[in-house]
Number of protein chains: 2
Amino acid sequence: MPVQEHRALATRRDVRSAGAPAAGFLRHYRQGRCIYDEGDEAHFFYEVRSGVVRMSSVLQDGRRLVDSFHTEGQLFGLEPARSHTLCAETLSDCNIVSYRWNGVEAKMSTDTMTSNWLFSYAMQTVTTARNHAILLGRKTATERVAAFLMEWVGRSPDPTVIVLAMSRQDIADYLGLTVETISRTFSKLERESLIQMTTSRLIEVRNRSALRRLSA
Amino acid sequence: MPVQEHRALATRRDVRSAGAPAAGFLRHYRQGRCIYDEGDEAHFFYEVRSGVVRMSSVLQDGRRLVDSFHTEGQLFGLEPARSHTLCAETLSDCNIVSYRWNGVEAKMSTDTMTSNWLFSYAMQTVTTARNHAILLGRKTATERVAAFLMEWVGRSPDPTVIVLAMSRQDIADYLGLTVETISRTFSKLERESLIQMTTSRLIEVRNRSALRRLSA
DNA sequence: CGATTGCTTGATACCTCTCAACCCAGGTGG
DNA sequence: CCACCTGGGTTGAGAGGTATCAAGCAATCG
């Protein structure tokens, strides 16, 4: 998929992030748009103001792994190399701030706040990636799904309800499983009264502590 | 395992790393020592001068995941939080430089080289962790083992010979498999003449390109 | 030597994948 | 309005890959 043209769809103005001393552009992206693709030159990095962004990479033969989902306040697209190693797409309508690398790089040498901001983001990313690796390397399907649900319970304003922005396929590719296994596991958790699916995207959490124990 | 006492076993002197403007202590660690454990306070981070260091974490029930192996020139132990989230141990005799966080943090605000050094290390760690996640989430046993071998071919001075510093159990926990599967896969690769095992720790690479293709 | 530890190999079990059918909601067009 | 189509989700049956359990082997170390 080609990179989304950098045309503002709604808002576009200078903004200053709460934690970010660097100036950036706020833009609106419609649902299902590609922000950048694997291999695109990494001129910008981004901050989610609202909505959900999916980062993923695809192997030659089509196997896909979803690296992470980003929500309000999270940075993404910071790359060690010249080009992006992942693809970023919007799962919902999003407001996203983009920061130009050049400007920030200059600031980093003089501005402690900026460099600390980016550094702590990078460290946080490392921690997230490690937890993801533990999940993928050593957890069962049920544990993975439970961990996934706990992750979104934590991000939800109401800890008893989860509104999923992503499809079963996205969840499968994030957890290193197949859609069928995701579906079966959800159904199993529902039979055991840990959750209830109002619709396939709307999950009610019935027993959070049991879910947490399962996610171990 | 408790943290290894910070007693110099052989050498101990002030050093300045090639890329590192920060001062540190060079120490020698014998094989099989714990440098720090999960939960220890993260006063230091480290740079490998020689030898191999294994980073791992363990779940409650004993399942272990090896996060990474570090060799000459690599940093480890940089943490976003106050305490270490992984355990670091030496797989061979090692020379390791430790840097005190306090000193470096102060430097980071004034010294561009230091902050760049740490930042680029962090970004590199992110990339490594992502590749590990792809391996764990979407690759078969054969592909994982092939990727593992390719990784060490790249680190080896002689690209036709790999001297493994780690046990089969370490490899298994790094690749999210069991020792038996590692052993069977090695044997299969040997039957197919892609490698030859002189001893269990000494692997001769017979067909590197085939190995690389397999690792995809 | 005998004991120990790590590695290899075999037989079987189990979990997840694969393939296939079906269901359901939403959208389209006659 | 309804028949049809479509795509995502669910469920079932069977296959397959890796884990588990168990035995045997090889190297190392008292």
Side-chain angles (χ1 to χ4, degrees), chain A residues 31-32 54 59 61-66 89 91-92 135-149 162-192 195-204 214, chain B residues 31-32 54 59 61-66 89 91-92 135-149 162-192 195-204 214:
Chain A
Q31 181 185 51
R54 181 192 66 214
L59 299 184
D61 61 2
R63 282 176 289 184
R64 188 182 71 151
L65 190 78
V66 171
E89 291 163 278
L91 290 177
S92 63
L135 182 150
L136 294 170
R138 285 298 182 219
K139 291 190 179 173
T140 65
T142 306
E143 290 170 339
R144 294 182 203 196
V145 170
F148 174 80
L149 291 173
I162 301 170
V163 181
L164 295 175
M166 71 294 289
S167 68
R168 295 290 188 266
Q169 186 64 61
D170 288 332
I171 300 174
D173 288 342
Y174 179 63
L175 299 180
L177 300 166
T178 60
V179 269
E180 294 94 332
T181 301
I182 301 297
S183 196
R184 277 187 248 273
T185 308
F186 273 149
S187 299
K188 194 186 75 171
L189 293 176
E190 188 169 41
R191 274 198 306 279
E192 295 166 351
I195 63 172
Q196 177 154 351
M197 292 186 276
T198 310
T199 72
S200 66
R201 298 278 186 120
L202 187 63
I203 313 276
E204 198 180 322
L214 267 186
Chain B
Q31 180 184 52
R54 180 192 67 213
L59 299 185
D61 62 0
R63 282 176 288 182
R64 187 181 70 152
L65 190 79
V66 170
E89 292 163 278
L91 290 178
S92 62
L135 182 149
L136 294 170
R138 285 299 183 218
K139 291 188 178 174
T140 65
T142 306
E143 290 170 339
R144 295 182 202 196
V145 170
F148 173 81
L149 290 173
I162 302 171
V163 181
L164 295 175
M166 72 293 290
S167 69
R168 293 292 188 264
Q169 187 63 61
D170 288 332
I171 300 174
D173 289 341
Y174 179 64
L175 299 179
L177 299 166
T178 60
V179 268
E180 293 94 332
T181 300
I182 300 298
S183 195
R184 277 186 248 274
T185 307
F186 273 148
S187 298
K188 194 186 75 170
L189 292 177
E190 188 169 39
R191 274 198 306 278
E192 296 166 349
I195 63 171
Q196 175 153 353
M197 293 186 276
T198 309
T199 73
S200 66
R201 299 277 186 121
L202 187 62
I203 313 276
E204 198 180 325
L214 266 187

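Here is the naming used below: chain letters follow the sequence lines, and residue numbers restart at 1 for every chain.
With rounding to the nearest 0.5 Å, the separation of CG in B:Leu177 from OG in B:Ser183 is 12.0 Å. Between the CD atom in B:Glu143 and the CG atom in B:Leu135 there is a gap of 8.5 Å [rounded to 0.5 Å]. Put simply, CD on B:Gln196 and CG on B:Leu202 are 10.0 Å apart, with the number rounded to the nearest 0.5 Å.
Using modelled atom types, one side-chain atom of A:Arg144 and one backbone atom of A:Leu175 make a donor-acceptor pair closer than 3.5 Å.
Protein atom CG of A:Asp170 is 17 Å distant from nucleotide atom P of D:dG7, rounded to whole Å. When rounded to the nearest whole Å, the span between CG of A:Asp173 and P of D:dG8 equals 13 Å. Atom pair A:Glu190:CD and D:dG9:P shows a separation of 15 Å (rounding to whole Å applied). Atoms CE (A:Met197) and P (D:dG9) sit 11 Å apart, rounded to a whole Å. Regarding B:Phe186, its CZ atom lies at a distance of 11 Å from the C1' atom of C:dC7, rounded to whole Å. With rounding to whole Å, A:Arg168 atom CZ is found 19 Å from C:dC23 atom P. Rounded to a whole Å, the NZ atom of A:Lys188 is 17 Å from the C1' atom of D:dG12. As a whole-Å value, the separation of B:Leu136 CG from D:dT18 C1' is 15 Å.
Within the nucleic acid shown, A:Arg144 has no heavy atom closer than 4.0 Å to any nucleic acid atom. The residue B:Met166 sits apart from the nucleic acid: no heavy atom pair falls under 4.0 Å.
Here the closest heavy-atom approach between residue A:Phe186 and residue A:Leu164 is recorded as CZ-CD1, 4.5 Å. In plain terms, the two heavy atoms of B:Arg64 and B:Asp173 that are nearest each other are NE-OD2, 2.6 Å.
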B/S/- contact track for nucleotides 9-19 of chain C, protein heavy atom under 4.0 Å
BBB----SSBB
